2 protein chains.
Amino acid sequence: MKLTSKGRYAVMALVDLARFDTINPVSLRDISLRQGISLDYLEQIFSKLKKNQIVKSTRGTQGGYFLSKKPNEIKLTNILNAVDEKVKTVQCKKESKKGCNGKATKCVTHDLWDELETHINTFFEKKSLQDLLKNNSERVN
Amino acid sequence: MKLTSKGRYAVMALVDLARFDTINPVSLRDISLRQGISLDYLEQIFSKLKKNQIVKSTRGTQGGYFLSKKPNEIKLTNILNAVDEKVKTVQCKKESKKGCNGKATKCVTHDLWDELETHINTFFEKKSLQDLLKNNSERVN
DNA sequence: TCTAAACTTGACCATTTTAGTCAGGTATGT
DNA sequence: ACATACCTGACTAAAATGGTCAAGTTTAGA
Ligand code: FES
Ligand code: FES
C-alpha cells in the first residue's frame, strides 16, 4: 500500500504555488528547480490540475500558474482526485452485488476495506493546503 | 494509493482459517476453493505467514494450516507486515536527513505523509482477526 | 508398504503501472 | 520577432503485480 510520486509531486507543487503565487504567476520551471521535479512530468500533472479547476494559468513570457481558490478551500482530496491518485482498497465494483472473487456475495473482508477507505478519505478531506502552509512557513528558501 | 491482492488474500485466507481450523487443520486447497484464490499463489502467501509465526502447519494427508495464536491476538498489522504489504507514504528514507528529491532538507510534504502513515497504521493495529469474525459469523457456507 | 494428499521451494513470466522523456506544437509579453 | 512558458500526445525503460509451473518432501491411512 503506497503513495505514488504523482500524488506526492502534485501536493508539493501546489504548496510551492501557494507560497509564491501571491504577486505573479509561477512558472513550472521555477517549481521544477525549487522542488526538484522533472519539468516535463510537472506539465502532465498541471494539465490535470487545470482540468479540475484547481489552478489557472496565463501563457507567454512572465506567464505561469496560480491557484484558482484560496489555500484553505483546496483540500487534499481535491488534489489527489485530480491527478487520479484515488484511494482504492476494495477490488470489487462497489455497486455490484458480486464479490471480488466473482462469487455471488461480497467477500469476508469487503466491509473492512471499505471502512479503511473511509478512514483514509476522511484524513484527506480534513487537510487543506493551508494546513501545510502553516507548518512550513518558516523555511522559505 | 491502493491495496494489493496479496494483502487482501492474506486476510481473506486467515479469516477462513479462523473459522474452520477449530477441529482439524485446513488445507490450502479448501481455502482456495472457498475463497476463490489461486492455490499456487496461496502457497506463496502462507510461506510468509508461516515465517512470521502467524500460522503453523502439519504435513501429509489430512494436514493443513492452523492459526498459531487466538484470533483476537492477531492484528491486521501483523498480517500485512508478514506479507510485505507495508504502508509506504514517504519516498525518502526516514532516518536520513535528506529529502525525497535529494535536497538537503525534508520536502514540504514529508510531515503530512508521515502523519498519514501513522493514521493508517493505527487503523491496522486496532483491528484483529476476531473483529472480522464477528461481522461474518452468520454467513458461514 | 504404497500412495495420494498436502506442504515446500524456487524459478519463471505476462501484464500493468509508474515515472518519467521526447518532440513537437501554440500563445503572448517585451 | 523572439524568448518564455504553457500545451499536447506519443513513446518507453524499469519496476511491481499477480500469478503459473515444475519438482520436490512429508506423512496419514489403506
Ligand atoms: S473486496 Fe469487495 S468483495 Fe472482496
Ligand atoms: S517524503 Fe520525505 S522528504 Fe519528501
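For clarity, every value in this text was computed on a predicted model and none was experimentally measured. Naming: A, B, ... by sequence-line order, numbering from 1 per chain.
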Compare side-chain N and O positions of B/K6 against OP1 and OP2 of D/dG18 and report whether any pair is under 4.0 Å apart. no
Rounding to an integer number of Å, can you tell me how far B/L33 CG sits from C/dA6 P? 10 Å
Starting from P on C/dA6, measure out to CD1 on B/I31 and report it in whole angstrom. 12 Å
If only side-chain N and O atoms of A/T4 are considered, is one of them under 4.0 Å from the OP1 or OP2 phosphate oxygen of C/dT17? no
Generate the contact string for nucleotides 9-15 of chain D. Rules: B means base contact, S means sugar-phosphate contact only, - means no protein heavy atom under 4.0 Å. -B-----
For B/S38 and D/dT20, is the shortest distance between a side-chain N/O and OP1 or OP2 below 4.0 Å? yes
Just to be sure I understand the rule, does A/S47 reach a base, reach only the sugar-phosphate, or reach nothing, if contact means heavy atoms closer than 4.0 Å? nothing
Reading DNA chain C from 5' onward, which residue's closest nucleotide shows up sooner: B/Y65 or A/L3? B/Y65
Scan residues 72-84 of chain A for pairs that pass salt bridge (charged side-chain N to carboxylate O under 4.0 Å, His left out), counting only residues two or more places apart or in two chains. A/K48-A/D84
Tell me what A/V26 touches on the nucleic acid: a base, only sugar-phosphate, or nothing, going by heavy atoms under 4.0 Å. sugar-phosphate
Does any donor-acceptor pair link the side chain of A/R59 with the base of C/dT26 at a separation under 3.5 Å? yes
May I have the distance from B/L42 (atom CG) to D/dG19 (atom C1'), rounded to whole angstrom? 11 Å
Protein-nucleotide distance (B/K48, atom NZ; D/dT17, atom P), rounded to Å: 10 Å
Salt bridge between A/K106 and A/D111, side-chain N to carboxylate O under 4.0 Å? no
Under-4.0 Å side-chain N/O to phosphate OP1/OP2 contact, A/S5 with C/dA19: yes
Hey, could you give me the NZ/OG1 distance between A/K127 and A/T77, rounded to the nearest 0.5 Å? 14.0 Å
What are the two closest non-hydrogen atoms of A/M1 and A/I120, and how far apart are they? CE-CD1, 3.9 Å
Please say yes or no: joined through hydrophobic side-chain contacts below 4.5 Å, possibly via intermediate residues, are B/L14 and B/L33 part of one cluster? no
What integer distance in Å separates A/D84:CG from C/dT16:C1'? 16 Å
Comparing B/K50 with A/K2, nearest DNA chain C nucleotide closer to 5' gives the residue B/K50
I need the CZ-C1' distance between A/F66 and D/dC6, as an integer number of Å. 12 Å
Which whole-number value in Å describes the distance from B/F46 CZ to D/dG18 P? 17 Å
For D/dC21, take OP1 and OP2 only and decide whether either is under 4.0 Å from a side-chain N or O of B/Y41. no
Decide yes or no on side-chain contact (heavy atoms from CB on, under 4.5 Å) for A/N101 and B/Y9, but give the supporting numbers first. CA-CA 10 Å; A/N101 45 18; B/Y9 288 167; over 6 Å; no
Residue pair A/A18 / A/L129: nearest heavy atoms and the distance that separates them: CB-CD1, 4.3 Å
OP1 or OP2 of C/dT8 under 4.0 Å from side-chain N/O of B/S57: yes
Rounding to a whole Å, what distance do you find between B/E43:CD and D/dG18:C1'? 15 Å
May I ask you to evaluate whether B/Y9 reaches the phosphate of D/dG19, defined as a side-chain N or O under 4.0 Å from OP1 or OP2? yes
Could you point out which residue of B/K94, B/K86, B/K88 forms a side-chain hydrogen bond (donor to acceptor under 3.5 Å, both in side chains) with B/E117? B/K94
